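Chain A is the first sequence line, chain B the second, and so forth, proteins listed ahead of strands; every chain is numbered from 1. These numbers were taken from a predicted model, which means no experiment stands behind them.
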2 protein chains.
Amino acid sequence: MRNLLANIKIKVDEKVYLKNPDTSEKGRHIVEQSILLIDELGLESFTFKKLAEKIGTTEATIYRYFESKHMLLSYLISWYWSWLEYRLVFATNNIRSAEERLKIAIGILSGKVELDMNFAHVDEVALQKIVVAESAKVYLTKEVDDNNREGFFYSYKRFCKRVADIVREINPAYKFPASLVSTVAETAHYQKFFSLHLPSLTNISDNKESQLVEFLTEMVFKTIGK
Amino acid sequence: MRNLLANIKIKVDEKVYLKNPDTSEKGRHIVEQSILLIDELGLESFTFKKLAEKIGTTEATIYRYFESKHMLLSYLISWYWSWLEYRLVFATNNIRSAEERLKIAIGILSGKVELDMNFAHVDEVALQKIVVAESAKVYLTKEVDDNNREGFFYSYKRFCKRVADIVREINPAYKFPASLVSTVAETAHYQKFFSLHLPSLTNISDNKESQLVEFLTEMVFKTIGK
DNA sequence: CATAAAGCTATAGTATTACTATCGTTATTA
DNA sequence: TAATAACGATAGTAATACTATAGCTTTATG
């Protein structure tokens, strides 16, 4: 698997970077270290200056790849969703049963990170923590409509559409497939967050991913009536 | 109703302000205008300086009420959840059927703002838009555990507990009442947001609140098995 | 192999933000 | 009337999120 994936690149939409970081050593280094630093400091305390120091370069260099901290975060999150999509396609390939495919999708959304499916310069576990804690900030801004037009949310929307299509396959009469899928995606994130930080808002214990899968699977299948 | 409410104050936990803005004209003015300005500019572009200019005072005065912009936002959101709780208690009073009470709770969470239940210095419609677009930022920070200990999320947790208790009443065997309720609360917000800004992620049309209620009601009742 | 172009480093500078501090004036209350 | 709380005016600071520019390397191309 590792060998196979070594030749695969996760494609991220052009609008979320100025210069593709995947085309140079420096660029990959920026991505790699930004994931670790955002995870460590949180988005608010993370700055390009600190990142530049960490990787032994200057702010100017980073600005050549990403227009702003917001754009860098968008890049990371787009990368994440493209990666999930790739894993979804891979994991559901040749599986006939739509129910089974939906279960796989829920598992992936709930955050089972398989260690054999990783990329050299990306710490997927840290990246997932960033997605859980920071991704809402990418769209909860006054610039959301501009960013949407520019394609910042393409990967996320594509992933959701794929899963919604499975829901439609199972029950074509169900009226809210897109809403249900985006609900599962968002819920997976903040239920994880709540289990760590606001436990009274959830029944999922810290690190009990199976409970999250059970909660979501039950909710989805009962809702679509299967 | 208006007369009755004129004598009722929404109580907000002490830790989310330095000086209770509800005890002075200036304080109420700060709250009133901050709601309008955050709604207009978004949290990122909102500053105490701009707010001070708008209400004809100085930053120093605002800092006497709220330690920071983050604390002011926490105050507004706490106020919102206390207000929702008040409305929930009022609307479900004397209703025997737990199913009926749960439906009312979903309606309130979905954002039916009743105009006869308002408070002079609070524009509840603008406040709800703030809650939809900004409330996740209150807890998605590295300081969440400290803030939680200080009681920043009391109102939200209390509201959710109340609704979760209704779920337990309907089906004591259901394993995830707290998760389901926080899911409904969060879902109500971003499905609204998606319908306005990322419509491909939802099946709810802009301004069709009834669709949101239908989506959530169906999901909840099928999930808890009623 | 020369040369241009691309990419990177280093440095400097700016407007704004999110505060903190101080002090004199005004309003309230005892 | 005296005390005290609240407010306004002004000043200042460290950090942030950039922008600009100039010179130096590395890489690609002819």
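Each ring pair (Phe, Tyr, Trp, His ring centres under 6.0 Å) pair with one or both residues in residues 27-62 of chain A, not counting sequence neighbours, appears once here: A/Phe48-A/Tyr63.
Across the protein-nucleic acid pair, B/Met71 atom CE and C/dC19 atom P stand 11 Å apart, rounded to whole Å. In this entry the distance linking CD of B/Glu143 with C1' of C/dA18 reads 14 Å, nearest Å. If you measure from atom NE2 of B/His70 to atom P of C/dA18, you get 12 Å, rounded to the nearest angstrom. In this structure, B/Leu73 atom CG and C/dA18 atom P are separated by 13 Å, rounded to whole Å. Distance, B/Leu18 CG to C/dT20 C1': 13 Å, rounded to whole Å. The distance between atom CG of A/Leu72 and atom P of D/dT16, rounded to the nearest whole Å, is 16 Å. Between A/Asp22 atom CG and C/dG7 atom P there is a gap of 15 Å when expressed in whole angstrom units. Between the C1' atom of C/dG7 and the CD1 atom of A/Ile30 lies a distance of 11 Å, rounded to the nearest Å.
Listed by chain and residue number, nothing satisfies the ring-ring contact (aromatic ring centres under 6.0 Å, His included) test with B/Phe153 (two or more places apart in sequence, or in another chain). Residues passing the side chain to side chain donor-acceptor pair (under 3.5 Å) test with B/Glu14: none are found, sequence neighbours excluded. Residues passing the side chain to side chain donor-acceptor pair (under 3.5 Å) test with B/Ser135, sequence neighbours excluded: none. For A/Glu134, the salt bridge (charged side-chain N to carboxylate O under 4.0 Å, His left out) partners two or more places apart in sequence, or in a different chain, are A/Lys137. For A/Glu186, the side-chain contact (heavy atoms from CB on, under 4.5 Å) criterion is met by A/Tyr139, A/Tyr156, A/Tyr190, B/Tyr190, B/Phe194, not counting sequence neighbours. Scanning for side-chain contact (heavy atoms from CB on, under 4.5 Å) contacts around B/His197 gives A/Val144, A/Asp145, B/Phe193, with sequence neighbours left out. Taking the ring-ring contact (aromatic ring centres under 6.0 Å, His included) definition, one finds that B/Phe152 meets it with nothing, sequence neighbours left out. Not counting sequence neighbours, the partners of B/Asp146 by the side chain to side chain donor-acceptor pair (under 3.5 Å) test are B/Arg149.
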Protein and nucleotides 4-9 of chain D: nitrogen or oxygen contacts under 3.5 angstrom:
from  : atom 1 : to      : atom 2 : distance (Å)
D/dA6 : OP1    : B/Lys19 : NZ     : 3.2
D/dC7 : OP1    : B/Tyr65 : OH     : 3.1
D/dC7 : OP2    : B/Tyr65 : OH     : 3.1
D/dG8 : OP1    : B/Lys26 : NZ     : 2.9
D/dG8 : OP2    : B/Thr57 : OG1    : 2.4
D/dG8 : OP2    : B/Thr61 : OG1    : 3.0
D/dG8 : O6     : B/Arg64 : NH2    : 2.9

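Of the candidates B/Leu216, B/Thr202, B/Asn203, B/Asn203 is the only one forming a side-chain contact (heavy atoms from CB on, under 4.5 Å) with A/Phe176.
With hydrogens and angles ignored, the 3.5 Å screen pairs no side-chain donor or acceptor of A/Lys192 with any backbone N or O of A/Leu212.
A heavy-atom distance below 4.0 Å to DNA chain D is reached by none of the residues of residues 43-54 of chain B.
Counting any heavy atom pair closer than 4.0 Å across all strands shown, B/Glu59 reaches a base atom.
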Can you build the contact string for nucleotides 24-30 of chain C? Use B for base contact, S for sugar-phosphate-only contact, and - for no protein heavy atom under 4.0 Å.
-------
